[in-house]
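Proteins come first, then strands; the chains are lettered A, B, ... in the order of their sequence lines, and each starts at number 1.
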Protein chains: 2
Amino acid sequence: MDAKIIDVAAKAGVSPATVSRVLNQGSSVTAKTRNKVMKAIDELNYRPNAAAKNLRLQKSLSIGVIAQDINNAYFTEIIKGIENMAYARKYKVFICDAENQAEKERDYLSLLMDRTMDGVIMITPQLSDEEIYGVVDKGYHIAVIGRNVNHPKIPCIYTDNVKFSRHVVEHLVEFGHRDIVFLSGYPEAVDSYERLEGYLKALKDNHIPFRPELVENGDFNETGGYEAIERLFAKKMTFTAVFAANDEMALGVYRACEERGIAIPEQLAVVGVDNNRISKYLTPRLSTVNQPKYTMGAIIVEKLIDQMNENQFEDKRVFTVDSELLVRASSNYHIQKKK
Amino acid sequence: MDAKIIDVAAKAGVSPATVSRVLNQGSSVTAKTRNKVMKAIDELNYRPNAAAKNLRLQKSLSIGVIAQDINNAYFTEIIKGIENMAYARKYKVFICDAENQAEKERDYLSLLMDRTMDGVIMITPQLSDEEIYGVVDKGYHIAVIGRNVNHPKIPCIYTDNVKFSRHVVEHLVEFGHRDIVFLSGYPEAVDSYERLEGYLKALKDNHIPFRPELVENGDFNETGGYEAIERLFAKKMTFTAVFAANDEMALGVYRACEERGIAIPEQLAVVGVDNNRISKYLTPRLSTVNQPKYTMGAIIVEKLIDQMNENQFEDKRVFTVDSELLVRASSNYHIQKKK
DNA sequence: AGCATATTTGAAATCGATTTCACTATTACT
DNA sequence: AGTAATAGTGAAATCGATTTCAAATATGCT
């Protein structure tokens, strides 16, 4: 159906090699032949077949992004950073939605291994470090966003989960809270346990005894957040603040509070993480932790591309970006005098 | 680097043809040889090279989705429907974010033409029908979501924009409104002008004179909605209700109202379209029009795949799905007695 | 057992591009 | 003008799979 390079060559009265030269390096071809070829290409509406090209070149100039869940704006904003920078570097970006399933992450990873894409960026806290290392050690290119991986060939960018979690808890303590719930994501995710770690450290620093019953696991989704907090309500736990591992779960807390007539922040302070765009549309506005999402995407895709092209290999590999606690109405309320 | 089929063949002591047979049809090969081959595949960690396979097979079993903007949950929910159904049919889905730029839509369309993907689903109101027809007439497979295209080879699914727009306006009229703003997206988009059409018809039906100054164009984004309504406020227009062409733009209206201290719905009723998940987190909850997004995605991807495989070609091509006006707090307020 | 038939297998062609190598046509320079 | 250097071009090999066709082997039947 489509015209092939040999058709173009025939029409222009040259060899396929010449057509290829016109299309690619651009040198070593007379203006006259170039014009003939261009004309033929135009008339036949010729596009080089991607499969043939990729096969011959052993690369596809494309990058896969495996995102945890594209319904969550946290991921889509990172992706925009990736997209735009990749575009500038002539790479195509294919977005894969893992829908929170480790199995799908693995599935998409196989697109790397069959060489559909030259490299992959993972924004997924679920697969273990070891599993990722295994793939990289076979010679494939992976970069990671949102966690620190300790492998010389994996560029990564992240914010210090422990650090900002401490900030969140300290902020809550300052506002008089001592009984602070931590709503985790699924526990095997880095984002879960590192944020928990920060929570624990802050409690310790402030000499607040840790109450394990105040830690509940969710799934990083609204529903999981709702169910987790409901479990606590059902057990008649006493607490005055909730630190949710991300904004989506905080959303679930809002819903539960609304149903139960609990006032935020007067009766319950809520803080999330991600500065998901949804957070500022809530009433009251949700306090959260901002990360430079777009930038994180843009930086890491550059590093991945550089690495794939074997430039700058000795260069920096681990990047940390600062996060910022945005204290908004959902936690901006002193429940008692500071001691 | 990667093992090739010839390596597997050598290791198993058979020919590449046999390896291929083991991997594909599964028939015509002895249990004994099959085992030898499987063992070799396993040991070498062999994956067929996608480019070689695609080239030979002249297909890639992959579908591209060109979405207007992945930061908008309307699109990501449709995409989930596409993804899951495609997965069940053994197709890979590549999501492309057009970022509201017609230029990018065209760019991604070229991935179709270089055969990177077998077919494309467009969820983008921007490119003209003619432009899409042009591509299809060259023999490529395209399906469209969210608009009715009149081409025998293009499956499409949509809700009747004119119809639900009339409902929205009628609802507002019932609640006493006569000066109703229509916030359009960019005017060349189908979603814009069809929704405008419904708005106009409803006005006419209700004998309300059309005030052209109450129609403003946005860009389907929060910012565009904000700027559009601000232009009207600046001109000191009088109106009591806003019908925004989508929820994102309604978001902008909320922001403007908040800044100006205008109470929704008492001083201004607001209705959006899409039932974007964000809409129910707003205060007051946003009235909007719901479409079965997930289902739309799932249905159309099936049709596209069927068509690509040349089954069921005479089958139904145009699908309409019902939409539903969700009257929530943002418009649930009578501003005057019904006459 | 002997022949006809069915089943397994391999050699070679093929998909559509790029690139090397060799050859020809230019251009440059003495 | 004649030779050396350079630029432009084409033939053929190559990337790694699948598939056709024919050969080899196994099976079935009298």
Sequence neighbours excluded - ring pair (Phe, Tyr, Trp, His ring centres under 6.0 Å) pairs with any residue from residues 90-137 of chain A | A/Phe94-B/Phe94, A/Tyr133-A/His151
Can you list every salt bridge (Lys or Arg N to Asp or Glu O under 4.0 Å) pair that touches residues 41-50 of chain B, not counting sequence neighbours?
-> B/Lys11-B/Glu43, B/Lys39-B/Glu43
Set of residues satisfying side chain to side chain donor-acceptor pair (under 3.5 Å) with respect to A/Asn221, sequence neighbours excluded = none
Determine which pairs satisfy salt bridge (Lys or Arg N to Asp or Glu O under 4.0 Å) with at least one residue from residues 54-78 of chain B, sequence neighbours left out, and list them in order.
-> A/Lys80-B/Asp69
Per-nucleotide protein contact string for nucleotides 9-22 of chain C (B base, S sugar-phosphate only, - none; heavy atom under 4.0 Å) = BBB-BBBBBBBB--
Using the test ring pair (Phe, Tyr, Trp, His ring centres under 6.0 Å), find all partners of B/Tyr186 that sit at least two apart in sequence or belong to another chain.
-> B/Phe220
